[in-house]
Amino acid sequence: MKSLYFILLSLIIVSCQNQGKIEAQKAKQATIDSMKVEASKQKVIDSMQVEMAKIQEQQVSSTTNTTTNTTTTTPTTPRRKKWSGAAKGAVIGAGVGAATGAIVSKKKGAGAIIGGLAGAGIGAGTGAIIDDTKK
């Protein structure tokens, strides 16, 4: 029975790999598109802020008849760090390994812990290899 579960789980994982790649590409493209839209919105906002600063400068200089230098700065938000491939692989591997270990082992808790640790190690190694090939 356990071997049947293992074979079934293996078939599901293998069959879902292609769908995951397609969905990942679609998600990546959607993210790129939304980033482009946000960048264009930010350009409009920045240009409006520059125009408003010019108008305010003209109003101040016309009422006081003195020249003043006005500068506008837009607050910049720091970019978030992205997860490395090794970290992603470790988390995914730990989850899959824990689930598989709990299913296969007679002692569910011990099997989940051992499977999680093994999966995390394998996932981290795989993620590191993927990171190196991308560079």
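All values derive from a computational prediction rather than experimental measurement.
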Looking at T133 and I130, would you say the former's side chain and the latter's main chain have a donor-acceptor pair under 3.5 Å?
yes
Suppose we screen for side-chain contact (heavy atoms from CB on, under 4.5 Å). Which residues come up paired with L117, at least two apart in sequence or across chains?
I113
Hits for side-chain contact (heavy atoms from CB on, under 4.5 Å) against S84, two or more places apart or cross-chain, chain-then-number order -> A86, A87, D131
List the atom of S105, the atom of G111, and the distance in Å for their closest heavy-atom pair.
CB-CA, 3.6 Å
Distance, nearest 0.5 Å, that separates CE of M35 from OG of S40
12.0 Å
From I55 atom CD1 to M48 atom CE, the distance as rounded to the nearest 0.5 Å
7.5 Å
Flag yes if more than 12 heavy atoms outside K108 fall under 6.0 Å of its NZ atom; otherwise flag no.
yes
Restricting to salt bridge (Lys or Arg N to Asp or Glu O under 4.0 Å), what partner residues turn up for K36, sequence neighbours left out?
none
For the residue pair Q49 and M52, establish whether any side-chain heavy-atom pair is separated by less than 4.5 Å.
no
